[in-house]
Visitor: 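My structure is below; once you've seen it, I'll send some questions.
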Amino acid sequence: MLNRELISSPDLLILCHPLQGLDSQVAFNTCQKIESERKRGAFVIVLSSGDFPHNLCNRVYKLLSGELKQIS
């Protein structure tokens, strides 16, 4: 599904739990696609309640006690 959406080279990607339910190889390929879109210049927002590779992120925020706080 992600490949289909990337055909139009969007300037903004909002991804919600993009790695949920994927096996390790597909998750790795998805991370590569997200990284290539970021390098292309797209603005990427990832929403995830689980772990997400921080090396793909310029900034990481967490919702703590009702406040959004930058953690890296």
Side-chain angles (χ1 to χ4, degrees):
M1 209 162 46
L2 182 60
N3 285 336
R4 183 188 71 210
E5 297 303 321
L6 296 179
I7 290 172
S8 64
S9 298
D11 293 328
L12 171 65
L13 290 172
I14 300 174
L15 306 169
C16 186
H17 302 286
L19 304 181
Q20 183 175 355
L22 302 179
D23 66 44
S24 60
Q25 185 60 46
V26 176
F28 177 78
N29 292 341
T30 300
C31 287
Q32 286 185 319
K33 289 175 185 165
I34 293 168
E35 176 69 8
S36 67
E37 287 300 303
R38 187 184 67 80
K39 285 182 178 177
R40 181 184 61 76
F43 190 76
V44 180
I45 298 172
V46 176
L47 306 169
S48 181
S49 59
D51 289 333
F52 189 80
H54 288 189
N55 63 318
L56 292 178
C57 306
N58 290 333
R59 294 183 198 110
V60 177
Y61 293 87
K62 279 194 173 186
L63 186 60
L64 301 168
S65 301
E67 293 184 36
L68 196 60
K69 300 191 181 208
Q70 186 173 350
I71 61 169
S72 67

Visitor: Residues two or more places apart in sequence or in another chain: which of them pass side-chain contact (heavy atoms from CB on, under 4.5 Å) with R59?
Guide: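 So R59 forms a side-chain contact (heavy atoms from CB on, under 4.5 Å) with Y61, Q70.
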
Visitor: With sequence neighbours left out, what residues match N58 under side-chain contact (heavy atoms from CB on, under 4.5 Å)?
Guide: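 Only R38 meet the side-chain contact (heavy atoms from CB on, under 4.5 Å) criterion with N58.
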
Visitor: Tell me who clusters with I71, hydrophobic residues only, linked when side chains sit under 4.5 Å apart either directly or through other members.
Guide: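 Taking Ile, Leu, Val, Met, Phe, Trp and Tyr as members, I71 shares its hydrophobic cluster with V60.
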
Visitor: On a heavy-atom basis, which atom in P10 and which in A42 lie closest, and how many Å separate them?
Guide: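 Result for this residue pair: O-CB, 3.5 Å.
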
Visitor: If you group Ile, Leu, Val, Met, Phe, Trp and Tyr whenever their side-chain heavy atoms sit less than 4.5 Å apart, what else falls in with L12?
Guide: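 Its cluster partners, ordered by chain and number, are I14, F43, I45, L47.
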
Visitor: Partners of Q20 by side-chain contact (heavy atoms from CB on, under 4.5 Å), sequence neighbours excluded?
Guide: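 Scan of Q20 (side-chain contact (heavy atoms from CB on, under 4.5 Å), adjacent residues dropped) gives H17.
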
Visitor: Which residues end up grouped with L13 if you chain together Ile, Leu, Val, Met, Phe, Trp and Tyr wherever their side-chain heavy atoms are less than 4.5 Å apart?
Guide: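 Its cluster partners, ordered by chain and number, are L2, L6, L15, L19, L22, V26, I34, V44, V46, F52, L56.
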
Visitor: Applying side-chain contact (heavy atoms from CB on, under 4.5 Å), can you list everything that pairs with E67, at least two apart in sequence or on another chain?
Guide: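 Checked E67 against side-chain contact (heavy atoms from CB on, under 4.5 Å); matches are K69.
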
Visitor: According to the salt bridge (Lys or Arg N to Asp or Glu O under 4.0 Å) rule, which pairs have a member within residues 5-34, sequence neighbours left out?
Guide: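 Pairs touching residues 5-34 that pass the test: none.
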
Visitor: Taking salt bridge (charged side-chain N to carboxylate O under 4.0 Å, His left out) as the test, write out the residues that go with K39, two or more places apart.
Guide: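 K39: salt bridge (charged side-chain N to carboxylate O under 4.0 Å, His left out) contacts with E35.
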
